[in-house]
Enquirer: 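For reference, the structure I am asking about is given below.
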Amino acid sequence: MGTKLSVNINKIATIRNARGGNTPNVVQVAIDCEIFGADGITVHPRPDERHITSKDVIELADKITTEFNIEGYPNERFMELLRKVRPAQATLVPDPPNVLTSNAGWDTLKEADFLKGIISEIKAMGIRTSLFIETDAAMITKAAELGADRIEFYTGPYADLFDTDKEKAIAPYREAANVAQECGLEINAGHDLNLKNLKYFKTNIPNLAEVSIGHALISDALYLGLENTVMMYQRELDA
Ligand code: PXP
């Protein structure tokens, strides 16, 4: 199965915001990532707008020709943005407002009532819904019951363990991917994926629909150039 590469461009907005102004130009970078071979663009507008702003999201929506994926905690502001922009996919994350980065998946059992309503609202907008989640089978099964189309595995723990014990790092994801497939859920993954650990993840999770990668990819681009970097990540997924 072909795995799509969605480039998360939050870091581009972080650099721009450091100076005000419009350099680097977030919309142009998104367009260029598509030209360089990205299958999608991901953004995560946070309530404090420290990187991607609502205005960015609206501008990007008009220009992106691949899949637009918007991540975030589904508060009223986020839902309003989805109504306006109608991206291909909404990835729901359980982040408290000021967290540095998403570092936990949903507790789909505890949050079942909230998520069920939100998911049906998003699906009614014609947007694919993905839930950011860890490898617990009960959480995954519940995600399917709540109507999610996909789950996005939080791959932080995989990346942390990868250098010391690859097999131990991947094992819970392999099992969780089987559970997801049995429930009819498609699988995305993201967080701390990079040029070292991506291929092994993809090889072991063959039904991986999409990865969204930001931090490592943009960091690699400082050395390798953006065009080359996007191609190198794509090559890892083709293998
Ligand atoms: N998926 C989600 C839900 C995220 O919040 C992030 C970080 O914004 C990513 C994927 C991408 O993680 P990274 O920047 O480590 O590649």
Side-chain angles (χ1 to χ4, degrees), residues 1-18 22-46 49-72 81 85-93 101-102 127-128 130 132 150 152-156 158-159 186-199 201-202 205 208-239:
M1 171 182 188
T3 302
K4 291 189 167 170
L5 172 65
S6 187
V7 176
N8 179 320
I9 57 168
N10 290 351
K11 287 280 160 1
I12 303 297
T14 304
I15 298 172
R16 177 202 58 193
N17 295 355
N22 200 23
T23 303
N25 182 321
V26 167
V27 172
Q28 191 59 50
V29 170
I31 293 169
D32 288 336
C33 284
E34 292 181 321
I35 293 169
F36 300 153
D39 303 299
I41 300 295
T42 293
V43 293
H44 191 150
R46 291 194 182 265
E49 301 211 319
R50 62 178 181 264
H51 39 66
I52 291 289
T53 64
S54 301
K55 186 166 166 275
D56 289 329
V57 176
I58 291 162
E59 282 177 20
L60 284 161
D62 274 349
K63 296 282 166 32
I64 287 173
T65 56
T66 57
E67 285 206 350
F68 194 22
N69 174 40
I70 306 183
E71 300 171 350
L81 209 48
V85 165
R86 307 277 166 143
Q89 178 172 271
T91 300
L92 308 183
V93 296
T101 183
S102 308
I127 300 169
R128 188 171 70 227
S130 178
F132 196 53
R150 291 191 183 184
E152 178 183 323
F153 281 135
Y154 167 47
T155 48
Y158 164 74
E186 293 180 304
I187 300 172
N188 295 345
H191 216 279
D192 287 334
L193 293 173
N194 59 38
L195 282 174
K196 275 199 301 186
N197 63 29
L198 180 59
K199 189 179 197 165
F201 194 87
K202 153 78 189 170
I205 313 290
L208 184 62
E210 178 191 290
V211 288
S212 70
I213 307 183
H215 186 80
L217 190 153
I218 301 301
S219 303
D220 288 336
L222 293 174
Y223 284 91
L224 306 168
L226 189 55
E227 179 168 14
N228 197 23
T229 304
V230 171
M231 288 193 303
M232 287 171 81
Y233 275 79
Q234 279 290 17
R235 217 172 292 142
E236 297 303 292
L237 293 171
D238 286 345

Enquirer: Considering residues at least two apart in sequence or located in another chain, which fulfil the ring-ring contact (aromatic ring centres under 6.0 Å, His included) criterion with F201?
Expert: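 Per chain and number, F201 pairs via ring-ring contact (aromatic ring centres under 6.0 Å, His included) with Y158, Y173.
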Enquirer: Quick check for you: to the nearest 0.5 Å, what is the distance between I52 atom CD1 and N10 atom CG?
Expert: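 Output value for this atom pair is 5.5 Å.
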Enquirer: Looking at residues at least two apart in the chain, or sitting in another chain, which of them share a side-chain hydrogen bond (donor to acceptor under 3.5 Å, both in side chains) with K55?
Expert: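 Only E59 meet the side-chain hydrogen bond (donor to acceptor under 3.5 Å, both in side chains) criterion with K55.
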Enquirer: Quick one: ring-ring contact (aromatic ring centres under 6.0 Å, His included) partners of Y154, sequence neighbours excluded?
Expert: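 Expected list: F132, H191.
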Enquirer: For I41 and N8, what are the C-alpha separation, side-chain angles and deciding distance, and is it a side chain to side chain contact (heavy atoms under 4.5 Å, CB included)?
Expert: CA-CA 6 Å; I41 300 295; N8 179 320; over 6 Å; no
Enquirer: Name all residues meeting the salt bridge (charged side-chain N to carboxylate O under 4.0 Å, His left out) criterion together with K11; count only those two or more places apart in sequence or in a different chain, and write none if there are none.
Expert: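 With sequence neighbours excluded, K11 shows a salt bridge (charged side-chain N to carboxylate O under 4.0 Å, His left out) to no residue whatsoever.
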Enquirer: Which atoms form the tightest heavy-atom contact between G40 and T66, and what is the distance?
Expert: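 Reported closest heavy-atom pair: CA-OG1, 3.4 Å.
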Enquirer: How long is the gap from CG on L195 to CZ on R235, to the nearest 0.5 Å?
Expert: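 Going from CG on L195 over to CZ on R235, the span is 9.5 Å.
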Enquirer: In a table with atom names and distances, give each donor-acceptor pair under 3.5 Å that connects a side chain of residues 218-228 to protein atoms at least two apart or in another chain.
Expert:
unit_1: S219; atom_1: OG; unit_2: H215; atom_2: O; d: 2.7
unit_1: D220; atom_1: OD2; unit_2: Y233; atom_2: OH; d: 2.6
unit_1: N228; atom_1: ND2; unit_2: L224; atom_2: O; d: 3.4

Enquirer: What I want to find out is whether R16 reaches D56 closely enough, with some N-O distance under 4.0 Å, to be called a salt bridge.
Expert: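 Salt bridge flag = yes for D56 with R16.
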Enquirer: Indicate yes or no: at least one non-hydrogen side-chain atom of F68 is less than 4.5 angstrom from one of V43.
Expert: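 They are in contact (side-chain heavy atoms under 4.5 Å apart), so the answer is yes.
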Enquirer: Which atom names give the shortest non-hydrogen contact between L198 and E236, and what distance separates them?
Expert: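 L198 and E236 have their closest heavy atoms at CD2-CB, 3.9 Å.
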Enquirer: Does any part of the side chain of E71, heavy atoms only, come nearer than 4.5 Å to the side chain of Q89, both counted from C-beta?
Expert: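 Answer no - side chains too far apart.
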Enquirer: Would you please name every residue forming a side-chain hydrogen bond (donor to acceptor under 3.5 Å, both in side chains) with R150, sequence neighbours left out?
Expert: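 Once residues adjacent in sequence are excluded, the partners of R150 under the side-chain hydrogen bond (donor to acceptor under 3.5 Å, both in side chains) criterion are E186, N188.
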Enquirer: E152: which residues meet the side-chain hydrogen bond (donor to acceptor under 3.5 Å, both in side chains) condition with it, sequence neighbours left out?
Expert: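 In terms of side-chain hydrogen bond (donor to acceptor under 3.5 Å, both in side chains), with neighbours along the sequence ignored, E152 is linked to no residue.
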Enquirer: Go through the structure and list residues passing side-chain contact (heavy atoms from CB on, under 4.5 Å) with D62, not counting sequence neighbours.
Expert: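 For D62 there are no side-chain contact (heavy atoms from CB on, under 4.5 Å) partners, ignoring immediate neighbours.
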Enquirer: Measure the spacing between CG of D192 and CG of N197 and express it to the nearest 0.5 Å.
Expert: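 With rounding to 0.5 Å, CG (D192) is 8.0 Å from CG (N197).
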Enquirer: Would you name the heavy atoms of I9 and A30 that are closest together and state the gap between them?
Expert: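 For I9 versus A30, the nearest heavy atoms are CD1-CB, 4.0 Å.
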Enquirer: Under a 4.5 Å cut-off applied to non-hydrogen side-chain atoms, are V7 and L217 in contact?
Expert: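 Sidechains of L217 and V7: in contact.
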Enquirer: Heavy-atom distance under 4.5 Å between the side chains of I70 and V57, does that happen here?
Expert: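 Counting from C-beta outward, I70 and V57 do come under 4.5 Å.
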Enquirer: If every non-hydrogen atom of G37 is compared with every non-hydrogen atom of V230, which pair is closest and at what distance?
Expert: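 So the minimum-distance heavy-atom pair works out to C-CG1, 4.0 Å.
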Enquirer: Which pair of heavy atoms, one from A189 and one from L208, lies closest together, and at what distance?
Expert: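 Nearest pair, atom of A189 first, then L208: CB-CD1, 3.8 Å.
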Enquirer: With the side chain counted from C-beta on, respond yes when T53 and P45 share a heavy-atom pair under 4.5 Å apart, and no when they do not.
Expert: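 No. Closest side-chain heavy atoms not under 4.5 Å.
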Enquirer: For the pair L60 and V26, evaluate side chain to side chain contact (heavy atoms under 4.5 Å, CB included) and give the outcome as yes or no after the intermediate values.
Expert: CA-CA 8 Å; L60 284 161; V26 167; 4.2 Å; yes
Enquirer: Test of understanding: with side-chain hydrogen bond (donor to acceptor under 3.5 Å, both in side chains), list the residues that count as partners of T42, not counting sequence neighbours.
Expert: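 Counting only residues at least two positions away or on another chain, T42 forms a side-chain hydrogen bond (donor to acceptor under 3.5 Å, both in side chains) with S6, N69.
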Enquirer: Which atom pair, heavy atoms only, marks the closest approach of I127 to A90?
Expert: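 The answer is CG2-N, 3.5 Å.
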Enquirer: Please check if any side-chain donor atom of T3 sits under 3.5 Å from a side-chain acceptor atom of E210, or the reverse.
Expert: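 There is no such pair between these side chains.
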Enquirer: Quick check: do V93 and H44 have side-chain heavy atoms less than 4.5 Å from each other?
Expert: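 Yes, side chains in contact.
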Enquirer: SG/C33 to CD/Q28 distance, rounded to the nearest 0.5 angstrom?
Expert: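 Atom-to-atom, C33:SG and Q28:CD are 10.5 Å apart.
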Enquirer: So N25 and N22, do their side chains get closer than 4.5 Å, heavy atoms only?
Expert: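 Yes; the side chains approach each other to less than 4.5 Å.
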Enquirer: What pairs meet the salt bridge (charged side-chain N to carboxylate O under 4.0 Å, His left out) rule with one or both residues in residues 30-45, with sequence neighbours excluded?
Expert: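 Qualifying pairs: none.
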Enquirer: Who pairs with T14 by side-chain contact (heavy atoms from CB on, under 4.5 Å), at least two apart in sequence or on another chain?
Expert: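 By the side-chain contact (heavy atoms from CB on, under 4.5 Å) rule, T14 matches H51.
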